[in-house]
Amino acid sequence: MGKKHPLLITFEGGEGAGKSTLIEHLVNRFEKLDYAVAKTREPGGTLLGEQVRNLLLHQDKYPIGSISEILLFLTSRAQQIKEIIKPHLDSGHIVLCDRYNDSTVAYQGIARGVGKKLTQDLCSLACNYLEPDLTFVLDLDPKEGLKRTKKMDKDWDRLESLDLSFHEQVRAAYQQLAKEQPQRIVLIDASQPAEAVINQCWQAIERRLLIQA
Ligand code: T5A
């Protein structure tokens, strides 16, 4: 195994903001420097989580109420912490997670209206109070993000299909979270070319987490 430096870094933002693209590149950079690194995504990551992901995103046979929705996202998270994130941190990995608690707060807590404080408390329970060391929020006009996902030639999922005002609320929620927690959350202008986004995030990782070549 490579260099040990247990860290949890999470990636947040609206639809098509560029999280997966960014994570792929950061994994390569960490591996080039011989760090032990693992990546995962939410919802998903575990067998249970992937089944929950299908229920949440890819079925339209029956409705899912907002409380059921939040509990399903958190089911995926709790399992992911137990099976993937905690064991990897315990063995010294840097874990890069595509979405985490801030998604639940922005999408369900604020945009869906479940309530911010209640959602934060439920998230703390589900993740056993495991906070990320660093979080990047990729900030992008949802019109542009949805345009990018359309170009990927995939069917929109249940949440992507919600109207634009929902996605605008999600964006505003993330901006608010970044303002409230500047010690953890770095807001990145995701309308820049991918290379600029990657470099800006890498610089923040080096500076804040003392990653060394
Ligand atoms: N959700 C999730 C909740 O409601 N609550 C929760 O608690 C959680 C955990 C997840 C859905 O679930 C919701 C949020 C979501 O609606 P998902 O399929 O995982 O669904 O959706 P996303 O995470 O949004 O994944 P996407 O693939 O849609 O977006 P990404 O990963 O942000 O974007 P990416 O990297 O795939 O890029 C999209 C396209 O843009 C290009 C890429 O090449 C790609 O074609 N691109 C750029 N183009 C121009 N400039 C750049 N800088 C670019 N960066 C990438």
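Since we're looking at a predicted model, the values are computed, not measured. Throughout, residue positions are numbered sequentially from 1 according to the sequence presented.
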side-chain contact (heavy atoms from CB on, under 4.5 Å) evaluation trace for I64 with R158: CA-CA 10 Å; I64 301 179; R158 204 171 59 83; 4.2 Å; yes
Under a 3.5 Å distance rule, please check whether [X] uses its side chain to pair with a backbone N or O of [Y] as donor and acceptor.
X	Y	value
S76	G44	yes
R53	P43	yes
K19	R99	no
H167	E160	yes
D141	K143	yes
D121	S124	no

For [X] and [Y], which heavy atoms make the closest approach, and how far apart are they?
X	Y	result
P142	R171	CD-CD, 4.0 Å
A190	A17	CB-O, 3.6 Å
G13	Y107	O-OH, 3.8 Å
H93	S91	ND1-OG, 3.1 Å
A178	L187	CB-CD1, 4.0 Å
C97	E42	SG-CG, 4.0 Å

Measure the spacing between [atom1] of [X] and [atom2] of [Y] and express it to the nearest 0.5 Å.
X	Y	atom1	atom2	value
D157	L56	CG	CG	9.5 Å
T135	L177	OG1	CG	9.5 Å
E131	D133	CD	CG	9.5 Å
K116	I110	NZ	CD1	5.5 Å
C123	L118	SG	CG	9.5 Å
T46	R77	OG1	CZ	12.0 Å

Pairing of R41 and E50 as salt bridge, 4.0 angstrom limit: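 Between E50 and R41 there is a salt bridge, with a charged N closer than 4.0 Å to a carboxylate O.
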E144 with K147: basic N within carboxylate O range, under 4.0 Å: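 K147 and E144: salt-bridged.
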Side chains of [X] and [Y]: closer than 4.5 Å at any heavy-atom pair?
X	Y	answer
L159	E69	yes
L130	L89	yes
I185	Y174	no
N54	Q59	no
L7	L134	no
F136	V197	no
I9	R208	no
R148	L140	yes

Donor + acceptor pair across side chains of S103, E12 (<3.5 Å):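 Indeed, the side chains of S103 and E12 share at least one donor-acceptor pair under 3.5 Å.
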Distance-only polar pair, side chains of R112 and T119, donor-acceptor under 3.5 Å: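 No, no side-chain donor-acceptor pair sits under 3.5 Å.
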In this structure, would [X] and [Y] fall into the same cluster of hydrophobic residues linked by side-chain contacts under 4.5 Å?
X	Y	result
V114	F166	no
L125	I81	no
I85	L96	no
V105	L74	no
L8	F11	no

Full working for side-chain contact (heavy atoms from CB on, under 4.5 Å) between N28 and E24: CA-CA 7 Å; N28 288 340; E24 282 304 322; 5.5 Å; no
Would you indicate whether [X], at its atom [atom1], is surrounded by more than 12 heavy atoms from other residues, nucleotides or ligands within a distance under 6.0 Å?
X	atom1	answer
H5	NE2	yes
D90	CG	yes
L47	CG	no
K86	NZ	no

Test side-chain contact (heavy atoms from CB on, under 4.5 Å) applied to K150 and W156, step by step: CA-CA 8 Å; K150 245 189 187 154; W156 273 0; 3.9 Å; yes
Worked check of side-chain contact (heavy atoms from CB on, under 4.5 Å) between Q192 and N199: CA-CA 11 Å; Q192 305 174 88; N199 287 335; over 6 Å; no
